[in-house]
S.K.: 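Quick one: the structure is below, questions incoming.
Below, chains carry the letters A, B, ... as their sequence lines are ordered, and counting in each starts from 1.
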Number of protein chains: 2
Amino acid sequence: MVKQGERPADVRGALLDAALRLIETLPEDKVSLRACARLAGVSHAAPAHYFPTRVALISAVLAHAYNQLTEAMIRARDAAGDDPFDRLKAIGLAYVAFGLAHPALYAMLFRPTYLQVPDSEMAEAGYRCANVLGEAVAATPRPGGMTLAAGITLAWTAVHGFVGLVCNGLILLDEAPIAAAERALEQQRSAFSG
Amino acid sequence: MVKQGERPADVRGALLDAALRLIETLPEDKVSLRACARLAGVSHAAPAHYFPTRVALISAVLAHAYNQLTEAMIRARDAAGDDPFDRLKAIGLAYVAFGLAHPALYAMLFRPTYLQVPDSEMAEAGYRCANVLGEAVAATPRPGGMTLAAGITLAWTAVHGFVGLVCNGLILLDEAPIAAAERALEQQRSAFSG
DNA sequence: CCCCTTTGCTTGACAGTGTCAAGCTACGTA
DNA sequence: TACGTAGCTTGACACTGTCAAGCAAAGGGG
């Protein structure tokens with residue numbers, strides 16, 4: 001993508017790549033437009049042609065991240081057989097695995113700053129991602145008092161809370177993170193069927 | 001605290017107040033050292049005497065926030081009677097209430113950037129806060145297969161995930177947030193008792 | 001072929017930021 | 001009273017985002 005010493009063929013793509021690389025290697029406040037421009041081999045003001053603000057650039061990177069997360073969740077769901085809760089649990093585990101593999105990206109996926117970008121691909125990608133989870137919850141039998149909203153809340157807060165606390169080193173697990181997540185999600189089987 | 005036109009009597013305190021006010025009113029990236037210094041009525045380089053970096057200043061603010069959260073959790077626990085799960089649930093509800101009342105502060109409480117400040121009061125305050133939750137989990141009977149770590153994970157991820165998603169406007173609830181949280185935490189009663 | 005317009009940047013300026021270092025003032029102690 | 005120290009202030013500098021003028025290349029029309 002990046003051509004040395006010459007303008008990249010696809011400047012927008014080079015900027016997205018650069019931003020992604022910086023997000024995954026530097027503290028967030030070091031991911032500046034100028035740093036991305038330098039890494040992409042363009043002038044410091046070039047990003048302004050494609051992204052009105054720094055937040056818009058990062059938001060576009062996060063849209064791609066959401067799409068990857070969505071695809072991982074769909075693959076896991078589709079590989080999980082016919083049992084609705086198994087499919088829901090597989091989605092949850094894929095979600096946790098993605099978050100654990102990309103902690104810096106994950107932390108930014110839910111920030112209003114980035115979600116609220118006008119005409120945001122990210123908000124749309126986030127909606128599609130949430131929809132995979134929502135559909136799986138809708139397809140899973142719930143006890144009489146649990147609304148769909150409550151079911152989605154239960155499922156999503158479990159995985160979101162887990163990834164957030166584990167990635168930030170706040171809880172100590174006494175087994176591998178994925179095993180702990182599987183155990184926690186399995187505990188929800190009775191909540192959904194009972 | 002702030003004396004108009006004159007240096008504040010307690011510069012460090014004025015800076016903490018200013019930072020807290022800015023955190024709760026401005027986007028995070030607008031909470032700069034210079035903005036805090038201006039609001040506190042001191043020169044732009046004065047904060048450096050008390051706080052080596054911007055992150056250190058914010059970390060100190062967050063230590064206070066953690067202490068407030070801890071106190072709220074303890075009060076709620078102590079008002080909840082003798083049932084161990086009721087006490088644990090009350091702690092969880094206090095946690096959720098705090099997060100909902102202070103979304104900007106809450107979002108920063110779990111950021112490695114701020115937790116990892118050298119000699120951080122914040123990390124210590126955070127540890128004390130987590131300890132209140134941990135003790136309540138330890139005091140709550142768990143089914144045979146659930147370790148203490150797994151119990152803490154379960155309890156904490158539920159509230160942490162809930163606050164994070166609700167404060168960022170990511171899930172739609174069909175009842176008041178506190179009612180939804182109470183319902184979700186009540187669902188955990190069976191998980192703890194088996 | 002020539003000229004004009006548009007696109008996609010580059011360059012340079014400027015205001016805001018964090019950081020550093022010299023300097024100033026006030027207070028405390030000998 | 002004099003000296004030293006603490007707690008700032010001031011000014012400079014490099015980095016940031018943003019703006020605007022300018023340049024080069026490409027495309028289209030006469």
Side-chain angles (χ1 to χ4, degrees), chain A residues 1-23 25-62 108 111 113-114 116-120, chain B residues 1-23 25-62 108 111 113-114 116-120:
Chain A
M1 181 64 70
V2 178
K3 292 191 172 182
Q4 284 298 338
E6 189 184 309
R7 187 189 297 172
D10 173 16
V11 172
R12 190 178 190 276
L15 289 168
L16 288 172
D17 283 346
L20 176 60
R21 282 168 66 188
L22 293 178
I23 285 167
T25 52
L26 296 181
E28 188 181 332
D29 62 338
K30 297 292 189 288
V31 184
S32 67
L33 283 172
R34 288 190 184 219
C36 294
R38 275 193 298 269
L39 188 57
V42 295
S43 76
H44 75 275
H49 185 74
Y50 302 95
F51 309 101
T53 61
R54 170 185 176 274
V55 168
L57 168 59
I58 294 180
S59 183
V61 173
L62 295 175
M108 297 165 87
R111 303 273 283 287
T113 298
Y114 302 119
Q116 287 163 0
V117 170
D119 298 317
S120 172
Chain B
M1 179 65 69
V2 178
K3 293 191 169 182
Q4 285 299 339
E6 187 182 313
R7 184 188 299 172
D10 173 16
V11 172
R12 189 179 191 276
L15 290 168
L16 288 172
D17 285 347
L20 176 60
R21 284 170 62 189
L22 292 178
I23 285 168
T25 51
L26 295 182
E28 188 180 336
D29 63 338
K30 297 292 188 288
V31 184
S32 66
L33 283 172
R34 289 189 181 219
C36 295
R38 276 193 298 271
L39 189 57
V42 295
S43 75
H44 76 274
H49 184 75
Y50 301 95
F51 307 102
T53 62
R54 171 186 176 271
V55 168
L57 169 57
I58 294 180
S59 184
V61 172
L62 296 175
M108 296 165 88
R111 303 272 285 282
T113 298
Y114 302 118
Q116 285 162 5
V117 170
D119 299 319
S120 172

S.K.: Would you please name every residue forming a side-chain contact (heavy atoms from CB on, under 4.5 Å) with T53(A), sequence neighbours left out?
M.R.: V55(A), A56(A)
S.K.: At their closest point, which heavy atom of V42(A) faces which heavy atom of P8(A), and how far apart are they?
M.R.: CG1-CD, 3.7 Å
S.K.: Provide a list of protein-nucleic acid N or O atom pairs under 3.5 angstrom, restricted to nucleotides 4-6 of chain D.
M.R.:
none

S.K.: R7(A) has an atom CZ; how far is it from atom P of dT7(C), in whole Å?
M.R.: 15 Å
S.K.: If only side-chain N and O atoms of R38(B) are considered, is one of them under 4.0 Å from the OP1 or OP2 phosphate oxygen of dT17(C)?
M.R.: yes
S.K.: For nucleotides 18-24 of chain C, which of its nitrogen or oxygen atoms have a protein nitrogen or oxygen under 3.5 Å away, and what is each distance?
M.R.:
{"residue": "dG18(C)", "atom": "OP1", "partner": "L33(B)", "partner atom": "N", "Å": "2.7"}
{"residue": "dG18(C)", "atom": "OP2", "partner": "L33(B)", "partner atom": "N", "Å": "3.3"}
{"residue": "dG18(C)", "atom": "OP2", "partner": "R34(B)", "partner atom": "N", "Å": "3.1"}
{"residue": "dG18(C)", "atom": "N7", "partner": "R34(B)", "partner atom": "NE", "Å": "3.0"}
{"residue": "dG18(C)", "atom": "N7", "partner": "R34(B)", "partner atom": "NH2", "Å": "2.9"}
{"residue": "dG18(C)", "atom": "O6", "partner": "R34(B)", "partner atom": "NH2", "Å": "2.4"}
{"residue": "dT19(C)", "atom": "O4", "partner": "R34(B)", "partner atom": "NH2", "Å": "3.2"}
{"residue": "dT19(C)", "atom": "O4", "partner": "H44(B)", "partner atom": "NE2", "Å": "2.8"}

S.K.: Among all residues two or more places apart in sequence or in another chain, which pass the side-chain contact (heavy atoms from CB on, under 4.5 Å) test with S43(A)?
M.R.: A46(A)
S.K.: Sequence neighbours left out, what passes side-chain contact (heavy atoms from CB on, under 4.5 Å) with L16(A)? Give chain and number order.
M.R.: R12(A), F51(A), L57(A), A60(A), V61(A), H64(A)
S.K.: In whole Å, I'd like the distance from the CG atom of D10(A) to the P atom of dT7(C).
M.R.: 18 Å
S.K.: Name the residue from L22(B), L20(B), I23(B) that meets the side-chain contact (heavy atoms from CB on, under 4.5 Å) definition with I58(B).
M.R.: I23(B)
S.K.: Side-chain atoms of residues 27-37 of chain B: list all donor-acceptor pairs with protein atoms under 3.5 Å, sequence neighbours left out, distances to 0.1 Å.
M.R.:
{"residue": "E28(B)", "atom": "OE1", "partner": "R111(B)", "partner atom": "NH1", "Å": "3.3"}
{"residue": "E28(B)", "atom": "OE2", "partner": "R111(B)", "partner atom": "NH2", "Å": "3.1"}
{"residue": "E28(B)", "atom": "OE2", "partner": "Y114(B)", "partner atom": "OH", "Å": "2.8"}
{"residue": "S32(B)", "atom": "OG", "partner": "A35(B)", "partner atom": "N", "Å": "3.0"}

S.K.: Indicate, with a heavy-atom threshold strictly under 4.0 Å, whether R12(A) touches base, sugar-phosphate, or nothing.
M.R.: nothing
